[in-house]
There are 2 protein chains.
Amino acid sequence: MAKAPRRGPYICGIDAALDVVSGKWKGLILWELHVCRVCRFAELRRRMPGVSEKMLTQHLREMEEDGLVHREVYAEVPPRVEYSLTEHGRTLNEALGPLGVWGVERMRREGTEAVEVAEPSHG
Amino acid sequence: MAKAPRRGPYICGIDAALDVVSGKWKGLILWELHVCRVCRFAELRRRMPGVSEKMLTQHLREMEEDGLVHREVYAEVPPRVEYSLTEHGRTLNEALGPLGVWGVERMRREGTEAVEVAEPSHG
DNA sequence: CCGCATCCTTTAGGATACTG
DNA sequence: CAGTATCCTAAAGGATGCGG
């Protein structure tokens, strides 16, 4: 009902790490939570054009289970839930740094344009 | 017929990088080719318990297309094909280094045993 | 030995409607 | 607002058999 077992056994550390970031939006979630530090569901969604509610919820729950994301629920009306990175989430993000740099290099090589996300840099 | 389009557009470098390593065995292929430097198909397969011929071929082809893997075909009988990393493959592997370290840490935290790969350390 | 073609199952991802 | 439930399609992955 919930999700496939996941979580190993792994052959090497790369395996173990890729497991928790595999998922169409997980890298981006990590990045956005790094940028805004604390973020509500709706705002996070706004920052990620194209993601569906289902996928965002699902990915956030998995990342919470994996100890990457902290979910703070406020018993208010209307409800408020704030997401942030845990310590493990932060270290993972740092570990992803060099990969991100490599990815940017790759985009330059391939001439692949990144999609503009509310931050046009050429007016 | 070949494969889905892939290759962007990406939201950030992480996206672009994760795209080329997403695939059940790609991280491991990268690692094994890093270890043995040059590797034949059969040997590569032996080093990766559980992978099917189809998946190994498919992943290797995609990684070749992505400029990560070099495929050297020798016109001999019986045929011989040697795989190795390209420069981009090597830099990607280096970029994956911190992620691998993080993954090992994660396995320690979770108590997840890595599977033994032809190297039993406890008799 | 290396790999392609085919068929099949499983999983990921998306659209939509509904709820506390 | 922040989800859950259901249904559906597409893609990944796996088993097996054939071919150069």
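Numbered from 1 within each chain, the chains take letters A, B, ... in sequence-line order. The model shown is predicted, which means the values in this text are computed figures rather than measured ones.
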> For atom CH2 of Trp25(B), is the number of surrounding heavy atoms from other residues, nucleotides or ligands below 6.0 Å larger than 12?
Replying inline: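 Yes, enclosed.
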Short side-chain N/O contact from [X] to OP1 or OP2 of [N], under 4.0 Å:
{"X": "Tyr83(A)", "N": "dC1(D)", "value": "no"}
{"X": "Arg80(B)", "N": "dC2(C)", "value": "no"}
{"X": "Arg71(A)", "N": "dA2(D)", "value": "no"}
{"X": "Arg40(B)", "N": "dC1(C)", "value": "no"}
{"X": "Arg61(A)", "N": "dT4(D)", "value": "yes"}

> Ion pair present between Glu65(A) and Arg61(A), side-chain N to carboxylate O less than 4.0 angstrom?
Replying inline: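 No salt bridge links Glu65(A) with Arg61(A).
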> Is the shortest distance from a Lys or Arg side-chain nitrogen in Glu94(B) or Arg90(B) to a carboxylate oxygen in the other one below 4.0 Å?
Replying inline: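 Salt bridge: no.
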>> Are the side chains of Cys36(B) and Arg47(B) in contact, using a 4.5 Å heavy-atom criterion?
In response: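 Side-chain contact under 4.5 Å: yes.
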>> Side chain of Val81(A) only, heavy atoms from C-beta on: which candidate in dG3(C), dA2(D), dC1(C) is closest?
In response: dA2(D)
If I take atom [atom1] in residue [X] and atom [atom2] in nucleotide [N], what distance separates them, rounded to the nearest angstrom?
{"X": "Glu64(B)", "N": "dG3(C)", "atom1": "CD", "atom2": "C1'", "value": "13 Å"}
{"X": "Leu18(B)", "N": "dA12(D)", "atom1": "CG", "atom2": "P", "value": "15 Å"}
{"X": "Met63(A)", "N": "dA12(C)", "atom1": "CE", "atom2": "P", "value": "15 Å"}
{"X": "Arg45(B)", "N": "dC2(C)", "atom1": "CZ", "atom2": "C1'", "value": "11 Å"}
{"X": "Glu72(A)", "N": "dG3(D)", "atom1": "CD", "atom2": "P", "value": "12 Å"}
{"X": "Glu76(B)", "N": "dC1(C)", "atom1": "CD", "atom2": "P", "value": "14 Å"}
{"X": "Asp19(B)", "N": "dG13(C)", "atom1": "CG", "atom2": "P", "value": "12 Å"}

> For nucleotides 13-20 of chain D, read 5' to 3', which letter fits each nucleotide if B means a protein heavy atom sits under 4.0 Å from the base, S means only the sugar-phosphate is that close, and - means neither?
Replying inline: BBB----B
> Centre of Trp102(A)'s six-membered ring, under 6.0 Å away, within 45 degrees of the axis: is that where NZ or CZ of Arg109(A) sits?
Replying inline: yes
> Is the backbone N or O of Ala16(A) less than 3.5 Å from a side-chain atom of Arg106(B), with the two atoms forming a donor-acceptor pair by type?
Replying inline: yes
> Does the pair Tyr83(A) and Leu60(A) meet the rule for a side-chain contact (heavy atoms from CB on, under 4.5 Å), with working shown?
Replying inline: CA-CA 9 Å; Tyr83(A) 292 93; Leu60(A) 283 170; 3.6 Å; yes
